[in-house]
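When a residue number appears, it is its place in the shown sequence, counting from 1. Side chains are part of it too, since the values below use all heavy atoms of this structure and drop only hydrogens, waters and symmetry mates. Since the structure is predicted, the reported quantities are computational estimates derived from the model, not experimental observations.
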Amino acid sequence: MRQYRLKTRECKETDQIVCNCCKKKIPVADGHAMEGVFSVDYTWGYFSNKDGEKHSFDLCEECYDKLLHGFLIPPEVVNA
């Protein structure tokens, strides 16, 4: 979950990030996360029961790893 502060009248900056799963506070400096964080902003489309809803959340790296551990098919990982 991201919380913002107004930097100027037209510009906002990330002030705080909290893991939606465990409530860990992720350090933020100058509007940027200082640790790994998995952020999701997804708008559901047609043929879903959530059509038009936008879901947003943030996970710390530990909670992300726990989520992946539950997958029956692991995600594809490519080193960039």
Shared ILVMFWY cluster between Val40 and Val28, side chains joined below 4.5 angstrom? no
Same apolar cluster: Phe38 and Tyr42, side chain cutoff 4.5 Å: yes
Which distance, rounded to the nearest 0.5 Å, do you find between the CD1 of Ile26 and the CD of Gln16? 9.5 Å
Under 4.5 Å between side-chain heavy atoms, counting indirect links through other Ile/Leu/Val/Met/Phe/Trp/Tyr residues: same cluster for Leu68 and Phe57 or not? yes
What class does the angle between the rings of Trp44 and His55 fall in, given that below 30° is parallel, 30 to 60° is tilted and above 60° is perpendicular? perpendicular
Approximate separation, where rounding is to 0.5 Å, of Thr14 OG1 and His32 NE2: 8.5 Å
Show your reasoning for whether salt bridge (charged side-chain N to carboxylate O under 4.0 Å, His left out) applies to Lys24 and Glu35. CA-CA 11 Å; Lys24 174 185 176 181; Glu35 289 182 8; 2.9 Å; yes
Quick check: does any side chain N or O of Ser48 sit under 3.5 Å from a backbone N or O of Lys50, one acting as donor and the other as acceptor? yes
With side chains defined as the heavy atoms from C-beta onward, is the minimum distance between Thr43 and Glu53 less than 4.5 Å? no
What do the steps show when you test Ile17 against Lys25 for side-chain contact (heavy atoms from CB on, under 4.5 Å), and what is the final call? CA-CA 6 Å; Ile17 303 172; Lys25 290 185 180 180; over 6 Å; no
Under a 4.5 Å cut-off applied to non-hydrogen side-chain atoms, are Leu59 and Leu67 in contact? yes
Taking side chain as C-beta onward, heavy atoms only, is Cys60 less than 4.5 Å from Cys21? no
Which atoms form the tightest heavy-atom contact between Val37 and Ala33, and what is the distance? CG1-CB, 3.8 Å
Sidechain-backbone polar pair: Asn20 side chain, Asp58 backbone, donor-acceptor under 3.5 Å: yes
